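Below you will find the structure I want to go over with you.
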Amino acid sequence: MADARIFADLIADHDRQRDLLERVGETSGDSKDRRKLFEQLRLELQAHAAAEEEALYATMLADPELREDARHSVSEHKEVDDYLGELMDTDMSSPGWLVKFKEMRHRYLHHIDEEEEEMFPTAAKHLSAAQEEALGKLFEKRKPRELARAEANPPGDARE
């Protein structure tokens with residue numbers, strides 16, 4: 001399973017996201033570093049979620065045995081997107097910003113741990129090698145497009 005292209009790509013993204021979450025959490029106030037790292041994180045999370053939903057979750061939704069896991073993960077993506085919108089609308093120098101960020105970080109780390117430990121192994125049992133390969137190619141094609149889309153469309157009502 002871990003060798004399948006789709007799962008390897010998703011886990012590589014998760015590792016980058018863990019690093020960014022840690023680095024953002026180490027910043028303070030409305031600093032240049034916080035703004036830069038948070039924007040990198042926002043783009044990464046939005047693009048990853050959209051590409052993952054199109055590549056993996058769409059296939060999982062078509063399988064009755066995987067459907068509930070996919071629905072659960074889509075709802076968690078929406079929750080993280082809502083957090084991102086709230087964070088963008090909150091003054092970064094406010095103590096509330098860091099509290100909200102830590103809530104989002106906790107929820108997202110739980111989400112990706114759950115995907116890696118439970119959902120990906122379950123999905124791998126239901127997907128053929130050809131499906132896994134096709135999904136990997138689709139994810140790799142969609143991710144750059146979703147990054148461009150995320151740059152143009154911040155979550156919620158937030159505008160830069």
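Treat the numbers as computed from the prediction; the structure is a model and nothing was measured. Computed over heavy atoms, backbone and side chain alike; hydrogens, waters and symmetry mates excluded. For reference, positions follow the sequence shown, starting with 1.
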Subject >> Point-to-point distance, once rounded to the nearest 0.5 Å, from CD of Glu115 to NE2 of His110 >> reply: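 Glu115 CD to His110 NE2: 10.5 Å, rounded to 0.5 Å.
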Subject >> Nearest-0.5 Å distance, CD of residue Gln17 to CG of residue Leu10 >> reply: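 Here the rounded value is 9.0 Å.
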**OP:** Output the distance between atom CD (Glu114) and atom CG (Leu109), rounded to the nearest 0.5 Å.
**Re:**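 Glu114 CD to Leu109 CG: 12.5 Å, rounded to 0.5 Å.
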Original post:
Just wondering, do Ile11 and Asp15 contact through their side chains at under 4.5 Å, heavy atoms?
Top reply: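 In contact.
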Original post:
Is Leu138 isolated, or which residues cluster with it under the ILVMFWY side-chain rule of less than 4.5 Å, directly or via members?
Top reply: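 Grouped by the 4.5 Å side-chain rule, Leu138 forms a cluster of one, so the answer is none.
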Subject >> Validation row: His48, Lys143 side chains within 4.5 angstrom (heavy atoms) >> reply: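 Yes, their side chains come closer than 4.5 Å.
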**OP:** Quick one: list whatever passes side-chain hydrogen bond (donor to acceptor under 3.5 Å, both in side chains) with Lys100, sequence neighbours left out.
**Re:**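 Listed in chain order: Glu86.
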Subject >> Contacts of Val74 that satisfy side-chain contact (heavy atoms from CB on, under 4.5 Å) - sequence neighbours left out >> reply: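 By the side-chain contact (heavy atoms from CB on, under 4.5 Å) rule, Val74 matches Glu53, Tyr57.
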**OP:** Fit a plane to each ring of Phe101 and Phe38, take the angle between them on a 0 to 90° scale, and name the class: parallel (under 30°), tilted (30 to 60°) or perpendicular (over 60°).
**Re:**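 Perpendicular.
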Original post:
Is it true that a side-chain atom of Arg145 and a backbone atom of Ala51 form a donor plus acceptor pair closer than 3.5 Å?
Top reply: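 Pair absent, no side-chain N/O of Arg145 close to backbone of Ala51.
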Original post:
With sequence neighbours left out, what residues match Glu146 under salt bridge (charged side-chain N to carboxylate O under 4.0 Å, His left out)?
Top reply: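 Listed in chain order: Arg142, Arg149.
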Original post:
With Glu76, which residues qualify under side-chain hydrogen bond (donor to acceptor under 3.5 Å, both in side chains), at least two apart?
Top reply: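 Glu76: side-chain hydrogen bond (donor to acceptor under 3.5 Å, both in side chains) contacts with His72, His111.
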Original post:
If every non-hydrogen atom of Ala150 is compared with every non-hydrogen atom of Arg42, which pair is closest and at what distance?
Top reply: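 Taking Ala150 first and Arg42 second, the nearest heavy atoms are O-NH1, 3.0 Å.
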Original post:
Any idea which heavy atoms bring Gly136 and Asp9 closest together, and the distance?
Top reply: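 Result for this residue pair: O-OD2, 3.9 Å.
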Original post:
Quick one: are Phe7 and Leu56 in side-chain contact, heavy atoms under 4.5 Å?
Top reply: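 Yes, close enough: below the 4.5 Å cut-off.
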Subject >> Point-to-point distance, once rounded to the nearest 0.5 Å, from CG of Leu84 to CD of Gln46 >> reply: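 That separation rounds to 6.0 Å.
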Original post:
How far apart are the closest heavy atoms of Glu132 and Ala4, and which atoms are they?
Top reply: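 Where Glu132 meets Ala4 most closely, the heavy atoms are OE1-CB, 3.3 Å.
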Original post:
To the nearest 0.5 Å, how far apart are CG in Leu41 and CZ in Arg23?
Top reply: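 One finds 10.5 Å between CG of Leu41 and CZ of Arg23.
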**OP:** With sequence neighbours left out, write down each residue that passes ring-ring contact (aromatic ring centres under 6.0 Å, His included) with Tyr83, or none if nothing qualifies.
**Re:**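 Tyr83 satisfies ring-ring contact (aromatic ring centres under 6.0 Å, His included) with no other residue.
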Subject >> Contacts of Asp113 that satisfy side-chain hydrogen bond (donor to acceptor under 3.5 Å, both in side chains) - sequence neighbours left out >> reply: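 So Asp113 forms a side-chain hydrogen bond (donor to acceptor under 3.5 Å, both in side chains) with Arg18.
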Original post:
By side-chain contact (heavy atoms from CB on, under 4.5 Å), which residues pair with Asp63, not counting sequence neighbours?
Top reply: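 Applying side-chain contact (heavy atoms from CB on, under 4.5 Å) to Asp63 gives Glu65, Leu66, His126.
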Subject >> Partner residues of Lys36 under the side-chain contact (heavy atoms from CB on, under 4.5 Å) criterion, sequence neighbours left out >> reply: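 Lys36 satisfies side-chain contact (heavy atoms from CB on, under 4.5 Å) with Gln40 once adjacent residues are dropped.
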Original post:
Is the backbone of Met92 close enough, under 3.5 Å, to the side chain of Arg34 for a donor and an acceptor to pair up by distance?
Top reply: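 Confirmed, Arg34 side chain pairs with Met92 backbone.
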**OP:** Could you tell me the separation between the CE atom of Met60 and the CZ atom of Phe120, rounded to the nearest 0.5 Å?
**Re:**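 Between atom CE of Met60 and atom CZ of Phe120 there are 8.5 Å.
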Subject >> Test side-chain contact (heavy atoms from CB on, under 4.5 Å) applied to Thr59 - qualifying residues, sequence neighbours left out >> reply: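 If we apply the side-chain contact (heavy atoms from CB on, under 4.5 Å) test to Thr59, skipping adjacent residues, the hits are Leu127, Gln131, Leu135.
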Subject >> salt bridge (Lys or Arg N to Asp or Glu O under 4.0 Å) partners of residues 24-33, not counting sequence neighbours, each pair once >> reply: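 Listed once each, the pairs are Asp30-Arg35.
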Original post:
Are Leu43 and Leu20 in one and the same hydrophobic cluster, where Ile, Leu, Val, Met, Phe, Trp and Tyr link if side-chain heavy atoms are under 4.5 Å apart?
Top reply: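 Per the 4.5 Å side-chain linkage, Leu43 and Leu20 are not co-clustered.
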**OP:** For Lys78, enumerate each residue passing the side-chain hydrogen bond (donor to acceptor under 3.5 Å, both in side chains) test, keeping only those at least two apart in sequence or located in another chain.
**Re:**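 Lys78 satisfies side-chain hydrogen bond (donor to acceptor under 3.5 Å, both in side chains) with Asp82 only.
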